[in-house]
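Reading through the structure tokens given below for one structure.
Here the structure is a predicted model, which is why all the values come from computation and not from measurement. In what follows, chains are A, B, ... by sequence order, proteins preceding strands, each numbered from 1.
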2 protein chains.
Amino acid sequence: MKGKIRTLLVDDHKIIRDGIRSILEMDENINIVDEAKDGTEALNIIARHNGKIDVVVLDINMPGLSGIDTTEIISKLYPKIKVLGLTMHKQHAYIVKMMEAGALGYVLKDGGGDQLIEGLKTVFQGKNYYSTEVTNTLVNGFVKKQQSKNEDFGLTKREVEIVKYVSEGLSNEEISKKIELSSRTVETHRRNIIKKMGVKNTAQMVARAIKKGVLK
Amino acid sequence: MKGKIRTLLVDDHKIIRDGIRSILEMDENINIVDEAKDGTEALNIIARHNGKIDVVVLDINMPGLSGIDTTEIISKLYPKIKVLGLTMHKQHAYIVKMMEAGALGYVLKDGGGDQLIEGLKTVFQGKNYYSTEVTNTLVNGFVKKQQSKNEDFGLTKREVEIVKYVSEGLSNEEISKKIELSSRTVETHRRNIIKKMGVKNTAQMVARAIKKGVLK
DNA sequence: CAACACGTACGTATTAATACGTACGTTTTT
DNA sequence: AAAAACGTACGTATTAATACGTACGTGTTG
């Protein structure tokens with residue numbers, strides 16, 4: 001590692017900034033170049049440093065420009081700067097939004113100092129870092145979603161195939177040509193599928209099939 | 001911790017079982033009570049122990065009864081037994097299936113001994129454990145999926161409303177009654193939506209709307 | 001003020017989907 | 001061997017969707 005990791009601290013509470021600073025300064029490879037109390041100030045400071053900052057440790061819940069918006073702006077204006085999200089809450093929605101906005105990592109405030117340091121170093125290398133609590137939340141949410149799916153209504157292979165084509169916008173006629181069948185057969189399949197799934201028509205059939213994970 | 005963690009090792013390769021054993025036995029809190037070379041044998045051994053096993057460390061890729069099926073059976077027959085998945089591959093599909101089957105944790109074989117021990121202890125406490133490589137795969141996949149969504153095709157509020165009703169299986173006529181409109185207007189909306197989204201018909205419209213996250 | 005998007009709505013004609021019954025050979029299950 | 005599920009297919013009639021053009025009041029934006 002050549003030189004220290006130039007770090008910018010952003011949080012609206014001074015006490016928290018002080019806490020983070022004291023944790024990060026224990027590591028000799030980390031250099032906190034500045035602090036900001038909100039997103040706007042952070043952007044100004046980054047500009048003042050000509051973008052020569054490696055990592056921004058950023059609180060999500062801030063007054064004014066939100067952490068998510070700030071992250072989005074930073075990652076667009078300065079793609080080289082890595083953002084490490086920091087929060088008290090491990091809500092699913094927040095995490096996903098931060099990731100979408102361009103943050104590389106996400107650490108909980110009550111996660112301990114070592115997680116913070118590890119996270120900072122990891123994102124500095126351009127890799128993703130999610131603290132354990134965060135990943136558990138995410139993965140559990142993900143698995144739950146998956147579980148709520150996987151209701152295949154006892155559709156046969158052929159029937160799933162038909163649903164797939166229907167969802168791609170093909171008519172019975174077009175499907176029949178594609179898989180060399182009578183369009184009447186495709187029609188029968190469609191009817192049977194609708195019956196099996198207990199839906200009213202094709203539109204609902206497609207909707208439910210996708211939501212329940214019948215289609216990949 | 002009262003007594004050692006009674007552990008059962010399941011893997012079809014003896015060499016790997018030996019390797020895992022040597023790693024786990026370094027920890028004084030872990031006691032490997034038995035080994036099995038496949039799912040069937042594992043179930044027999046568990047029965048012979050009257051279910052008095054704390055954690056089963058289970059390879060996913062096994063001949064005969066698969067790791068996923070074995071996990072499912074174990075977690076149904078012996079809900080108290082915790083399963084820690086073990087694999088060489090970090091494919092998304094495998095991980096999700098293991099979670100669905102009831103595994104509490106998931107560790108990669110090339111993840112190092114400390115991960116294995118940490119994972120075992122964590123699932124023993126009834127908590128989830130996913131090794132870093134695994135979570136990165138999962139979370140990245142998840143974030144990507146989220147990102148691939150959020151294309152709203154510039155649909156208006158009214159149009160999104162129509163799509164929602166259509167996906168619920170309502171006809172133009174039914175929608176028109178529901179929101180007090182002429183069915184001809186609903187029809188026009190439907191036509192405009194299809195045009196805006198660049199799809200061929202209602203079925204594809206619904207499919208794409210759901211996949212792209214237009215509907216919640 | 002003109003242009004544009006939005007939501008509303010109709011006319012006319014064509015195409016596609018739906019409803020319901022029926023049928024039959026093949027494979028799978030009991 | 002009998003029963004059930006699967007995939008195949010047709011007849012007939014009705015309902016819904018699609019295509020394409022047109023129109024008009026309201027609000028917004030250039």
Side-chain angles (χ1 to χ4, degrees), chain A residues 150-216, chain B residues 64-66 69 72-73 150-216:
Chain A
N150 282 342
E151 193 182 334
D152 64 0
F153 303 99
L155 296 190
T156 65
K157 268 168 71 181
R158 198 53 149 178
E159 286 168 342
V160 171
E161 195 185 359
I162 302 287
V163 176
K164 195 181 119 262
Y165 285 127
V166 171
S167 77
E168 287 167 2
L170 302 190
S171 67
N172 291 332
E173 193 64 39
E174 291 169 318
I175 297 172
S176 80
K177 278 173 189 157
K178 192 145 221 158
I179 56 180
E180 310 241 351
L181 270 183
S182 161
S183 71
R184 303 306 309 276
T185 305
V186 180
E187 192 192 318
T188 305
H189 279 308
R190 198 191 276 238
R191 189 150 39 107
N192 289 334
I193 297 165
I194 288 175
K195 199 176 179 186
K196 272 190 184 175
M197 295 179 68
V199 293
K200 294 173 70 174
N201 54 28
T202 300
Q204 199 183 5
M205 172 188 95
V206 169
R208 197 157 295 178
I210 293 175
K211 283 183 181 167
K212 297 296 182 182
V214 174
L215 300 180
K216 303 302 153 194
Chain B
L65 199 63
S66 78
D69 292 335
E72 200 151 1
I73 296 168
N150 284 339
E151 192 183 333
D152 65 0
F153 303 100
L155 296 189
T156 65
K157 269 169 70 180
R158 199 50 150 176
E159 286 168 343
V160 171
E161 194 185 0
I162 302 287
V163 176
K164 194 180 119 264
Y165 285 126
V166 170
S167 77
E168 286 167 3
L170 303 190
S171 67
N172 291 331
E173 193 65 38
E174 291 169 318
I175 297 172
S176 80
K177 277 172 189 154
K178 193 144 221 160
I179 56 180
E180 309 240 354
L181 269 183
S182 162
S183 70
R184 302 306 309 276
T185 305
V186 180
E187 193 191 317
T188 305
H189 279 308
R190 198 192 274 240
R191 191 148 39 106
N192 289 335
I193 296 164
I194 288 175
K195 200 176 178 184
K196 271 189 186 176
M197 296 180 66
V199 293
K200 294 174 69 175
N201 53 29
T202 300
Q204 199 183 4
M205 172 188 95
V206 169
R208 196 158 295 178
I210 293 174
K211 284 183 180 169
K212 297 295 181 182
V214 175
L215 301 179
K216 307 299 154 197

Q. When every nucleotide of nucleotides 8-18 of chain D is labelled 5' to 3' by its protein contacts under 4.0 Å (heavy atoms), B for base, S for sugar-phosphate only, - for none, what sequence of letters results?
A. BBBBB----SB
**Q.** Residue pair E159(B), F153(B): steps toward the side-chain contact (heavy atoms from CB on, under 4.5 Å) verdict
**A.** CA-CA 11 Å; E159(B) 286 168 343; F153(B) 303 100; over 6 Å; no
Q. Going by heavy atoms in the side chains, are V160(B) and K157(B) under 4.5 Å from each other?
A. no
Q. Is any side-chain heavy atom of Y165(B) less than 4.5 Å from a side-chain heavy atom of I179(B)?
A. yes
**Q.** Donor-acceptor contact below 3.5 Å, side chain K196(B) vs main chain G154(B)
**A.** yes
Q: Return the value, rounded to whole Å, for the distance between atom NZ of K195(A) and atom P of dC20(C).
A: 9 Å
Q. Hey, is the main chain of Q204(A) close enough, under 3.5 Å, to the side chain of N201(A) for a donor-acceptor pair?
A. yes
Q) Taking only residues two or more places apart in sequence, or in another chain, which ones meet K177(A) in a side-chain contact (heavy atoms from CB on, under 4.5 Å)? A) E173(A)
(Q) When the axes are fitted on five pairs at both termini, how much does the helix from dC1(C)-dG30(D) to dT30(C)-dA1(D) curve, in 10° steps? (A) 60°
Q. Ion pair present between E187(A) and R184(A), side-chain N to carboxylate O less than 4.0 angstrom?
A. yes
Q.
Quick one, K178(A) and E168(A) - any side-chain contact, counting heavy atoms below 4.5 Å?
A. no
(Q) With a 4.0 Å cutoff (strictly under), does any side-chain N or O of K196(B) reach OP1 or OP2 of dC6(C)? (A) yes
